[in-house]
Every structure is written in structure tokens, then in C-alpha cells.
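Take a look at the structure set out below.
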Amino acid sequence: MSEERRYEPQEIEPRWQQVWAEEHTWEVSNDAGEGGQAGVGGAPVGGAPKSYVLEMLPYPSGEPHIGHLKCYAVGDAIAHFHRRLGHRVLHPMGYDAFGLPAENHAIKTGVHPRDSTAVSIASFQRQFRSWGISIDWSRELSTYEPRYYRWTQWIFLQLLHAGLAYRKEAAVKWCPNDQTVLANEQVVDGHCERCGAEVEVRQLEQWFLRITDYAERLLSDLDGIDWPEHVKTMQRNWIGRSEGAEVTFRCEALGVDYPVFTTRPDTLFGATFFVMAPEHPDVLRLAQGTPYEQAVKDYINHALTESSEERGALDKAKTGVPLGRTVTNPVNGEQIPMYVADYVLLEYGTGAIMAVPGHDERDYAFARAYDLPIRRVIEGGSEEGDEQGLPYIGDGPLVNSHADFDGMHNREALSAIVQWLDREAKGHASVNYRLRDWLVSRQRYWGCPIPVVYCEACGMAPVPEDQLPVELPDIEDYAPRGRSPLAAAEDWVNTKCPVCGGDARRETDTMDTFVDSSWYYLRYCDAGNDEAAWDPAALRQWMPVDQYIGGVEHAILHLMYARFFTKALADLGHLDFQEPFQALFTQGMVTKDGAKMSKSKGNVVSPASIVERSGADTARCYILFVGPPDQDADWSDEGVEGVHRFLGRLWRLAAEMAEREETYTSVEEADLELLRKTNWAIDKVSSDMRRFAFNTAIAAVMELLNECSRLRDEAGVATERFALSTAASLLFPFAPHVCADVYDLLTGERVWEQPWPQADPAMLERDVYELVCQVNGKLRDRVQAPADAGPEELKELCLTAPNVQAHLDGKEIVKEIVVPGKLVNLVVR
RNA sequence: GCCCGGGUGGCGGAAUCGGUAUACGCAAUCGACUUAAAAUCGAUGGCCCGAGAGGGCUUGUGGGUUCAAGUCCCACCCCGGGCACCA
């Protein structure tokens with residue numbers, strides 16, 4: 001007997017990592033077929049299909065956390081699986097390195113964000129290598145490198161030239177804590193997505209990107225991509241498409257037309273008043289000279305000082321003030337009073353609405369509060385009681401409208417009325433979106449400078465492409481004071497106008513970091529290119545990303561912006577595809593004791609400590625074994641131990657088998673059994689890989705290993721080695737180090753150069769199986785049945801089963817159901 | 001309020017097309033090895049009745065369809081997520 005051998009990941013893991021690093025095993029070249037990744041068996045892989053596997057760009061802050069481990073455990077499993085299926089796999093890595101945490105740290109400590117970020121990046125690099133993730137490090141990038149953000153600026157200029165980037169003064173969301181504006185997407189329930197402070201509204205001139213031009217395509221192209229349905233739904237909700245009509249109401253006193261958007265032109269005859277948003281530019285002018293002038297002024301002031309949270313509160317009572325004017329309802333010529341009320345939003349539609357209290361809950365509440373007429377124009381609902389069933393939101397025939405439409409079902413009347421409006425030039429069919437343009441400027445230091453200058457003579461001028469990058473200057477004081485800290489860097493701010501050569505000042509705002517991460521997946525395809533953002537040929541080779549992996553928290557922000565960039569760049573002729581991420585997988589959160597891990601709760605599990613104690617293979621396998629990877633999982637130290645034991649058993653059994661001589665005392669039956677189990681596992685793991693069921697894939701390898709242990713002394717050594725090496729081969733995408741070691745011990749070969757195992761179909765079929773015998777749907781017995789037995793034979797077999805007979809006991813069989821390969825069910829009375 | 005997920009042993013979970021519910025793992029109990037412990041190996045294991053053979057019950061609750069329901073249909077309860085004055 002050989003001496004006791006121990007599974008030592010601390011020895012095994014660095015050894016294989018060194019092989020992969022020295023041989024650049026996971027690097028792929030853009031020259032398909034030459035000098036690229038060695039294919040199966042070391043042969044070049046000329047016509048191999050490509051596969052681009054990408055995890056969402058991490059923000060390097062401190063050390064990687066358990067969520068990173070899960071994300072990359074999933075991504076690496078897919079990358080390895082694709083490679084072994086014969087694909088050329090691009091699996092790169094980089095860092096989303098601009099951003100607030102590093103800057104806030106700088107404000108506190110004075111350490112330059114570049115330095116603290118570099119320290120974090122070094123820690124990420126170390127740990128990712130220690131996890132054994134199969135990354136092509138030759139394409140590594142950081143968004144804070146001038147070499148990268150030069151091209152971020154270049155893209156910004158492309159958008160600017162195309163009219164997709166513009167400056168506008170608007171009411172914007174301001175975070176008083178971070179002292180910067182925010183995009184709509186970064187405001188969650190009226191609070192800053194980053195720091196949680198309640199946001200304020202400020203009137204400021206800011207940079208926007210015209211994402212709303214793409215609303216329709218962002219919506220309709222969702223149909224063609226393989227994303228989780230709930231993520232698509234979230235994007236659809238965010239885009240918020242509404243079909244309806246734009247209808248013109250005229251204020252005769254001022255001679256001004258006010259268009260409104262409505263989804264319910266069928267209720268036009270029920271419009272009894274008209275409401276404008278407090279921010280609407282005409283409100284003061286309308287009220288001027290009326291008895292309501294002062295009241296309107298007061299109301300607007302109040303509305304503007306109210307926080308967005310207060311104003312948006314759902315249970316808030318409706319308030320408003322009359323404007324002292326009327327507009328004409330275009331369908332019936334009625335003069336209806338105008339109001340200003342804060343339940344109307346300037347940003348949506350035209351900032352003014354027709355109010356139909358009979359068929360809209362909000363208008364109804366306002367009408368009740370101000371004693372305005374409420375008219376039913378659609379039949380339906382109860383029509384009983386004090387409120388006569390109003391407001392009624394449902395469908396029904398029109399009433400009290402016009403002879404041409406009364407009696408018509410409202411859905412038909414809707415299009416009939418729109419057609420009428422169109423003919424009379426009083427309106428037309430229209431579509432509205434909830435999506436707003438993307439506010440991208442930030443009054444902060446640690447971001448990509450916006451490459452424009454302002455010249456007194458020429459106005460705003462883009463920095464010429466050959467002067468890029470506009471580099472971020474070093475400054476002393478990072479603290480934001482309502483303007484960008486860059487504004488204090490006088491030497492940097494003062495520059496010459498690229499048009500006239502006169503004095504000019506640089507834009508001091510920086511870009512939202514989501515701009516940086518909206519195109520990085522393109523840069524990986526050609527990361528070393530200093531002549532252009534990318535060579536189109538490189539993109540043609542790799543894009544789109546075949547499998548994207550990341551957290552669901554980016555369902556709207558990053559994923560929407562990246563899709564927008566792709567479409568805009570495609571329109572400008574820089575790309576020839578419309579969607580960046582063909583398939584998306586969103587991994588669930590890792591919690592501890594049911595709660596989100598956080599420093600303040602003190603329940604943080606650090607990947608580094610797990611790797612140090614149990615090894616990377618254990619950590620990676622465990623995180624995939626706890627449950628379906630798209631669901632949240634709770635961390636358990638005991639569970640980790642279980643997986644560690646499993647990997648230890650695999651390794652020890654292999655080490656023992658590697659030394660064993662063939663004895664020829666094997667029992668044929670045991671060999672066959674083990675071969676069957678092995679082929680079953682190949683089949684099971686292969687299909688589980690394709691549906692991201694890594695937990696059951698690992699369980700299947702556990703079953704195979706249990707069978708290897710059970711039959712260790714009965715099956716032949718060759719069979720045993722085959723079964724064990726197959727187990728290692730199947731588990732390799734999850735536990736690469738120990739599996740490489742086991743495979744090497746048993747075969748002397750490199751498992752990552754082997755093709756993915758193929759199940760032998762003959763071995764998946766059995767000549768006998770266990771037939772389930774039911775009486776009245778209840779399981780009563782099991783008998784061995786030949787695989788090729790027909791229904792009659794199966795029925796007879798079932799009838800002979802002792803416990804079946806006991807339950808038949810003279811009763812009459814009224815029905816027999818035979819499902820070959822499964823069961824026989826006898827129905828008795 | 002609207003739209004998505006989800007509810008299965010002591011615990012994490014499995015059951016992929018309506019066909020043996022509880023795979024795999026954790027925790028637990030018993031045993032082997034050991035002076036002892038750790039490590040490792042083996043056995044047991046949904047609940048109730050029974051010595052056993054076996055029987056009854058069991059997938060949030062209540063109904064339904066079916067020879068057969070965790071799976072399909074209807075109603076409801078609970079948990080998680082998204083949207084929410086968007087006209």
C-alpha cells in the first residue's frame with residue numbers, strides 16, 4: 001500500500017496557474033488560424049467558430065468580493081466549455097476605473113485617485129490569477145488610462161458631430177452629497193443611486209446624449225436577443241412606450257395652440273378642464289393680467305422648491321391653481337378652464353394635459369378637489385352610487401359625445417376620432433416614451449474629460465481629434481463645490497481655441513462613468529490599437545458578445561446605455577451590428593445569513609480567505625453548487641467544507657488509481673455499470689452546461705465519483721481510470737486546477753487540450769429497466785423489464801408483481817395505462 | 001395599484017415534455033480505524049402507524065381537470081424584485 005496522500009490545493013493551484021501564465025494558454029490572436037490559441041490536440045484552429053464570453057467590467061475598489069467570484073465562476077465555466085467544444089474563445093478582463101468611490105477616498109486622504117485605483121487593480125489582478133480564471137491578459141484595459149479614454153473622447157466627438165450629444169439647460173437631478181448632477185436612471189425612489197441622499201432639482205445647463213432618438217429601436221430590438229425575460233421587461237418599462245394622439249387645444253385669448261398627448265382620444269368629449277405643469281414656460285404669461293396672477297406665482301414657487309420625493313408621493317392630495325384662461329376643446333368647441341397643477345410633469349408629453357375626470361383617476365381626484373364638472377362619455381362599470389361608477393377606466397360604447405361616435409365601441413371610436421382630428425388638422429396619431437435623454441456631464445474630478453472648449457469668439461468648439469486625449473490634470477483639492485474641481489486648475493482650463501487660436505476655456509465637467517463602460521467590450525477586440533478605437537476587421541471577428549454575464553442591478557443603466565452606443569456607432573458607420581450582447585445571463589446575489597454582505601453588518605466573506613483556506617477550486621465549485629446561479633444564494637461555511645471533501649476524494653482516488661497496476665481480476669458486470677454511469681454523467685453534464693444548471697452538473701459528477709468509490713475494487717483499473725479522468729474532464733470548467741492535475745495523473749495529458757467528452761449512445765441505453773407498477777395511480781411494486789418489451793408484455797409483468805396482486809385481490813381491472821420505459825398503471829374497481 | 005419571479009425534508013436544493021417526489025450536498029445518528037482526537041471510510045435517514053412485511057399522509061392554502069399533478073386550470077395567502085401622478 002502506498003503512503004497516504006493528501007489533496008493540497010495550495011500546492012496544485014499555483015503550479016497549474018504558472019503553466020497557463022508561461023504558455024499564455026488563454027490568449028487568442030485576431031489572426032484566425034495562425035499564431036493563435038492552440039486548438040484541440042495542439043493543432044491550429046483555422047475555421048473554428050468564435051465565441052466571445054464576457055463578464056461585466058468590475059469597478060476596482062478594495063478587493064474583489066464574493067459577487068465577483070460568482071460572476072467569473074459562471075463566465076469561466078462557459079468559456080472553458082466553449083473552448084472544449086472547439087470554439088476560439090475571447091475571454092478578456094479590464095477595470096471600470098473612473099468613479100466616485102476613489103475620488104471620495106481622495107477627498108478624505110489626499111491620495112490621488114489614480115494611485116488608490118492602481119492599488120485596487122493590482123489586488124484584482126492578483127486575485128483573479130489566484131482564482132485561475134482563464135483570461136486573455138494581453139487585452140487587459142482600464143478606463144482611466146489616457147490610452148483608453150482618448151477613444152472615449154473620440155466617441156463623444158462622433159456623437160457631438162452627429163447631433164447626438166448636446167448642451168441644454170434643464171431641470172436636472174442634483175445629488176447634494178456627491179455635489180453633482182445625476183442621470184434619471186441613477187435616481188432611485190428620489191434618492192441618489194450611489195450614496196442614497198435625497199436628490200434635489202436644479203435648473204442647470206448640462207450635456208445630454210440623445211438616447212430618446214433610439215427609443216423605438218431599443219424597444220423593438222429586444223425581441224431578437226436572448227436575454228432573461230425579466231430584464232427585457234424592465235427595459236420595456238423603462239422605455240415606456242405609449243400609443244395615442246397629439247391633440248391641439250387653442251387658447252383664443254393669447255392666440256396660442258397647446259398640443260397635448262393622450263392615450264385616450266376616445267374620451268376627448270369628456271375633457272372638462274386643461275392642466276399645465278408648473279415648469280411649463282407659458283404658465284406665467286397665461287396668468288398675467290388675470291386675478292390669479294399672484295396665486296399662480298406662489299404656486300409655481302412652491303412646486304419648484306418641493307423635493308421630487310414629496311411631489312411624487314402617491315397619496316399626495318391633488319393641488320393646483322386656475323390660470324384664469326380657457327382653451328377650446330377641438331372636438332366640440334367647448335371652452336374649458338386652464339389650471340396649473342403639479343401632478344402634470346413637464347418632461348413627459350408636452351407638459352400639458354387634457355383632463356377627463358370621468359375616465360382618469362388623477363383627473364377625477366383633481367375635479368373633486370376643485371369642484372369641476374365630471375362627464376361620463378363611456379358606458380360601463382357599475383354606474384351606481386354617489387359617484388356613479390366614475391372614474392371608469394374600462395372599455396365600452398361611447399355616450400354624450402357626438403352623433404357620429406355615440407354607440408361606437410371606444411376602441412373603434414379611438415381611431416375614428418384620431419382620423420377626424422387628422423382631417424381637421426387638429427391632431428394626429430402619436431407615440432410617446434417615458435425614456436429621457438441621458439445626462440452625461442458630472443461636476444466631479446475623477447472621470448473622462450469632455451473634449452470641448454469654449455471660445456468667446458467662436459463659442460463651443462470640439463477639441464480636434466489629433467489633440468486627443470484631453471488629459472486629466474493633477475490637482476490638489478478634489479472636493480466638489482457645486483462645480484467641477486477641474487475648474488480650479490487654471491493652467492489646464494485656460495487654453496487656445498482650436499478654431500481661431502484665441503483665448504478659450506476648457507469644459508470642466510467630466511463624463512458619467514457609464515460612458516466609459518458603454519463601449520469597452522468593443523475595445524477588447526483590438527485593445528492594443530493606438531491608431532484607432534478599433535480596426536473594423538477586429539470587430540467583425542469577435543462581435544457581438546456571445547455570452548454576457550453580470551448582475552441584474554445593471555438591467556437598465558449599463559445594459560441600456562451600451563445598446564444605445566452600439567446603435568449610434570452603427571448608424572455612424574463604425575459598426576455593422578445592432579446589438580452588443582447576443583445572450584445575457586444575470587447571476588443572483590450571494591448573501592450571508594439571508595442578508596446582503598456589507599462591512600457595516602460585519603458579514604462579509606472574502607474570497608481571498610476562502611481561497612487561502614480551501615483553494616480556488618473549492619470556492620468556485622461551491623458558489624456554483626449551492627443552487628441555480630441566476631438565483632440568490634446564502635453562503636454557508638459547512639457547505640464549502642462539503643465541496644472541499646468532494647474535490648479531495650476525487651484527487652485522492654485518482655492519485656491512488658494512478659499508481660495501481662492492472663490486475664485483471666475485474667468483474668465484467670462492475671465495469672459495465674461504471675461505464676454506464678460515466679456515459680450518463682457525460683450526457684447529463686453536457687446538457688446541464690447548456691442551460692446554466694451548474695449545480696446539477698456538479699451533482700452529476702459527484703454521483704459519478706461515488707460510483708467510482710463504490711466499484712473501486714470491483715471494476716478494472718482501466719475502466720476506473722477512464723471513469724475518473726472523465727469526471728475530471730467534466731468538472732474542469734468549474735475546478736480547473738485539481739481537474740488538470742487529476743487528468744495529468746491518470747493520463748499524462750492536458751485536459752484543456754482535450755475535446756469535450758462525447759457520450760456513447762449505446763451506453764446510455766439499458767437492456768433492462770425498473771418498471772414502475774401502479775394500482776389506481778399508487779406505486780405498489782417495481783419489476784425488472786426488458787427494454788424492448790411491448791405493452792402486452794409489460795402489463796403481464798406488472799400483473800405478476802407480488803404486491804400488485806395483493807392490491808388487485810379479485811377486483812375488476814377497468815383500465816390499463818402502459819407507458820413503455822416508465823410504468824404500468826392498473827385502474828381497478 | 002400594475003408587471004415579473006418564487007413558496008418542496010432540520011437546511012441549500014433536485015425532479016428538463018403531466019409518469020417512481022425529496023437526486024446531490026450540508027447538518028444529524030450509529031459503526032470502523034486511532035491510546036485519543038482530527039482526517040478518512042462504511043451504514044441509517046420526509047412524517048405517522050408497525051417488530052417486520054407493509055400501510056397511511058406529504059411539494060404555501062382551498063377547489064378543479066386527469067388513469068396519473070410539485071408540474072396544467074381557477075381562487076386565495078405569504079416572500080422577493082421591477083415600475084408607479086408617464087396623461
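Residue numbering restarts at 1 for every chain, and letters A, B, ... go by the order of the sequence lines. Since this is a predicted model, take the numbers as computed values, not measurements.
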**Asked** Is there a donor N/O on one and an acceptor N/O on the other, under 3.5 Å, for the side chain of A:Lys684 and the base of B:rU16?
**Response** yes

**Message:** Under 3.5 Å, is there any donor-acceptor pair linking the side chain of A:Asn825 to the base of B:rC67?
**Reply:** yes

Side-chain N or O of [X] closer than 4.0 Å to phosphate OP1/OP2 of [N]:
| X | N | value |
| --- | --- | --- |
| A:Ser242 | B:rA87 | yes |
| A:His807 | B:rG55 | yes |
| A:Lys822 | B:rG19 | no |

Which nucleotide in the list [options] gets nearest to the side chain of [X]?
| X | options | answer |
| --- | --- | --- |
| A:Thr233 | B:rG56, B:rC3, B:rG82 | B:rC3 |
| A:Phe625 | B:rC67, B:rG25, B:rC57 | B:rG25 |
| A:Lys318 | B:rC24, B:rC85, B:rA14 | B:rC85 |
| A:Asn695 | B:rC85, B:rG13, B:rC67 | B:rG13 |
| A:Tyr343 | B:rC24, B:rG13, B:rC85 | B:rC85 |
| A:Arg691 | B:rC24, B:rU16, B:rA87 | B:rU16 |
| A:Arg652 | B:rC67, B:rU40, B:rA87 | B:rU40 |
| A:Val626 | B:rC24, B:rG12, B:rC83 | B:rG12 |
| A:Ile817 | B:rC41, B:rC67, B:rC83 | B:rC67 |
| A:Gln774 | B:rG82, B:rG19, B:rU16 | B:rG19 |

**Prompt:** Syn versus anti for B:rG60, judged by chi lying within 90° of 0?
**Reply:** anti

**N-glycosidic conformation, B:rC76 - syn within 90 degrees of 0, else anti** = anti

Looking only at side-chain N and O atoms, does [Y] offer a donor or acceptor that is under 3.5 Å from a partner on [X]?
| X | Y | value |
| --- | --- | --- |
| A:Asn432 | A:Ser242 | no |
| A:Tyr299 | A:Thr319 | yes |
| A:Asn410 | A:Asp266 | yes |
| A:Glu185 | A:Trp238 | yes |
| A:Thr248 | A:Asp257 | no |

Quick one: label [X] by what it contacts on the DNA or RNA (base, sugar-phosphate, nothing), any heavy atom closer than 4.0 Å.
| X | value |
| --- | --- |
| A:Val356 | nothing |
| A:Gly240 | nothing |
| A:Asn803 | sugar-phosphate |
| A:His644 | nothing |
| A:Arg829 | nothing |
| A:Val772 | base |
| A:Glu229 | nothing |
| A:Arg645 | sugar-phosphate |
| A:Arg649 | sugar-phosphate |
| A:Ser636 | nothing |

Same-atom distance ([atom1]) from [N] to [M], integer angstrom:
| N | M | atom1 | answer |
| --- | --- | --- | --- |
| B:rU66 | B:rG55 | C1' | 25 Å |
| B:rC57 | B:rA68 | P | 14 Å |
| B:rC24 | B:rC33 | C1' | 27 Å |
| B:rG13 | B:rC3 | P | 27 Å |
| B:rG64 | B:rU20 | C1' | 25 Å |
| B:rC74 | B:rU29 | C1' | 45 Å |
| B:rG1 | B:rG56 | C1' | 46 Å |
| B:rC48 | B:rA43 | P | 24 Å |

Between [N] atom [atom2] and [X] atom [atom1], what is the distance in whole Å?
| X | N | atom1 | atom2 | answer |
| --- | --- | --- | --- | --- |
| A:Asp688 | B:rG13 | CG | P | 17 Å |
| A:Asn776 | B:rC67 | CG | P | 12 Å |
| A:Ile698 | B:rA23 | CD1 | P | 18 Å |
| A:Glu361 | B:rG1 | CD | P | 12 Å |
| A:Arg712 | B:rC41 | CZ | P | 8 Å |
| A:Phe261 | B:rC85 | CZ | C1' | 16 Å |
| A:Asp360 | B:rG1 | CG | C1' | 14 Å |
| A:Asn706 | B:rG42 | CG | P | 8 Å |

**Prompt:** What is the minimum heavy-atom distance between A:Arg780 and A:Asn803, and which atoms define it?
**Reply:** O-ND2, 2.6 Å

**Asked** Quick one: is the NZ or CZ of A:Lys318 closer than 6.0 Å to the six-membered ring centre of A:Phe366, and within 45° of its axis?
**Response** no

**Message:** Can you work out whether A:Arg710 or A:Ala700 has the more 5'-proximal nearest nucleotide on RNA chain B?
**Reply:** A:Ala700

**Asked** In terms of the nearest nucleotide of RNA chain B, which residue is placed more toward the 5' end: A:Leu346 or A:Gly639?
**Response** A:Gly639

Could you identify the nucleotide paired to [N], looking across every strand shown and requiring Watson-Crick or G-U wobble geometry with both distances under 3.5 Å?
| N | result |
| --- | --- |
| B:rG9 | none |
| B:rA15 | none |
| B:rC83 | B:rG1 |
| B:rA32 | B:rU40 |

**Prompt:** Should the pair A:Phe249 and A:Phe274 be assigned to parallel (<30°), tilted (30 to 60°) or perpendicular (>60°) ring geometry?
**Reply:** tilted

**N-O pairing of A:Glu193 and A:Lys173 below 4.0 Å** = no

**Asked** Is A:Lys232 paired with A:Asp226 through a side-chain N to carboxylate O contact shorter than 4.0 Å?
**Response** no

